[in-house]
Amino acid sequence: MKLFLEIALLFKRKALETIRQPVWIISGLITPLLYLIFFGPLLKGLNIADDNVLNLFLPGILSLLAFGSGMGAGWGVVWELQSGVIERFRVMPISRFSLMFGPVLRDVIIFIIQALFVILIGSIFGFDIHWAGSAVMLLLLSMMTAIISAWSASLGLIFQNIESLAAVVTGLQLPLTLLSGAMLPISVGPKWLQIIAHINPLYYTVEASRTLAKGTINSSAVLYAFLIIVPLTVLVLGWAAQVYRKAIS
Amino acid sequence: MIVIEAIHLKKTFRHRNRIVEAVKDVSLDISKGEIFALLGPNGAGKTTTMRMLSTLIPIDEGQAYVAGYNVKTQSNMVRKHIGYVGQLGGSDPNATGWENLILAGRLYGLDRDTVKTEAKKLMDILELNEIIDRMPKTYSQGQKRRLELALGLIHRPDVLFLDEPTTGLDPDSRYNIWGYVEKLRAEGMTILLTTHYLEEADELANNLAIMDHGEIIAKGSPQELKNQISGDVIMVRSKCQRDQLENILSLINILENKDKALIRECLIKGETIYIYVDQGSAALPIILDIFKKQEINIDDISLSQPSLDDVFLKQTGRRLQDTGKE
């Protein structure tokens, strides 16, 4: 009970911060929309999908959005370390998990709102919405956002400066994105690329998202993705709470 | 009743592959309703000591008890009973003062109504009413510090930790903060503060410990400490040659050996000779006479009661006011 209250209070704090700076929500939306409008049409000429290329492309874009929504968490953490906010919370008798999870939840909720918006805009351009599949897809991608957000926040606590944080987070962003097949399905690439892609958790979410967006929930791609992402979520969130518990000098 | 007890606390940090002993051996006993100051230059280990006592960083060696709980094993109970206002402040710059206060109170477990009553009380005491609906990023340093004090007090803690509470404040705000802290003490709160301001420790603290290089070098009430250096301090500043100044020192030392009651101790720091004497009025003419006979110009001379800085100088050979600027 106390845990839920703490999480709710800390979530509200971060949510208010976002609502007061709506420019971040909008700028977060611009990237997926630009991809949709300026990159999507190029795929139509490539003959990679039998019917509607947007059904293939939009889940990829949403995966990128899920990834991007969590990435910025570390920047906020470094900022709040410098203003002493995190220190003040750390001397309070509250669970370290709530301290970590409140901001993560904010990132997840913002992602879901943005994703719904992208889906609706996508449908104007011809994306076929299957609500049940899309709901499961959003659940899967939300976990991805939570993983990235908790990971980025923890790195912020560990490095305590923007430079090192930016080097690691943005340094990993490009290879992880390219190897996820979010832009184009990895299956159109050579065998060696497909093999490497399998070590990237993001790859499984992208594959599963494509299947789910078509409305197919009962498939091996979806099962694999959940088998990988659920334990990974538990692992990363647990680790992140541990980082909050540990000393910050 | 002892409210804060530290027994041989130690803390080492690894900094760029170098091991830094931030706190070497610190023991403290702080009673209920007492203002206790840790005084010392930057890097003396004051903040590290306070961060160990307030559960922010683990204790490497030693034991600590705060408000009756073991800091190492009952950190959550300690957290319930302490308020902590760090050097950085920690108010959320993007939420209003009111939102900051309410959130803090709710996180400390107060219900909605209680937190509102408590917040209003604190707003009156700390004069926050006019700024409470604005965000701290629009506050002056003094206003911000007052809100941060309120944030640390919202749950009515038994013990309050204040890390450099008046650093960066103008004199007016500083005196205001001193006033609030004194009031809290009068209500029975136990307060541990760190400071590198001599006057702050002198004015505010019932007891203090002077720290340097991770160790306590002197402990007691301000008066007790100053009594160690009984009598007066004569400071003579002269822009003459160093050897001339040393010549004067040796002449005074001869006097010191002859008449210990007249001159107790004498040392040079920079361009200034510090002479600790029993009675300033008796010693001053003699000192002036020495300078006159040696035909050395005096640029500045003063006679004063010993300060905590003289205690620091005696123990370390450095002046606290100088070390702060290093």
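Remember, predicted model here, so these are calculated numbers, not experimental data. In the text below, chain A, chain B and the rest are named by the order of the sequence lines, each starting its count at 1. These values consider heavy atoms only, across backbone and side chains, with no hydrogens, waters or symmetry-generated copies.
When only modelled atom types and interatomic distance are considered, A:R106 and A:T18 share a side-chain donor-acceptor pair under 3.5 Å. With no hydrogens or angles considered, a side-chain donor-acceptor pair links B:E127 and B:Y180 at under 3.5 Å. Side-chain polar atoms of A:N200 and A:S180 form no donor-acceptor pair below 3.5 angstrom.
Residue contact with chain A, scored on non-hydrogen atoms closer than 4.5 Å, is absent for B:E148. Contact of B:M52 with chain A is not made at all, since no heavy-atom distance falls under 4.5 Å. Proximity to chain A is limited to the side chain of B:L151, based on heavy atoms less than 4.5 angstrom apart. Looking at A:Q82, only its backbone comes within 4.5 Å of chain B, counting heavy atoms on both sides. The contact between A:L9 and chain B is made by backbone and side chain atoms together, counting heavy-atom distances below 4.5 Å. Interface remark: B:A104 contributes backbone and side-chain atoms alike to the contact with chain A (heavy atom separation under 4.5 Å).
Between the NE2 atom of B:H155 and the CD atom of B:E118 there is a distance of 11.0 Å, given to the nearest 0.5 Å.
A side-chain contact (heavy atoms from CB on, under 4.5 Å) with B:T194 is found for exactly one of B:D163, B:T48, B:T49, namely B:D163.
Ranked by heavy-atom pairs under 4.5 Å with chain A, the first of B:S91, B:G89, B:P136, B:P93 is B:S91. Between chain A and the residues B:V85, B:T55, B:N76, the largest count of heavy-atom pairs under 4.5 Å involves B:N76. Contacts with chain B were tallied for A:E17, A:E87, A:Q21; A:E87 has the most, counting heavy-atom pairs under 4.5 Å. The most heavy-atom pairs under 4.5 Å with chain B, out of A:K2, A:M92, A:E80, come from A:M92.
The side chain to side chain donor-acceptor pair (under 3.5 Å) search around B:T117 returns none, not counting sequence neighbours.
The cationic group of B:R146 does not satisfy the cation-pi geometry with B:Y139, failing either the under 6.0 Å distance to the six-membered ring centre or the 45° limit from the ring axis.
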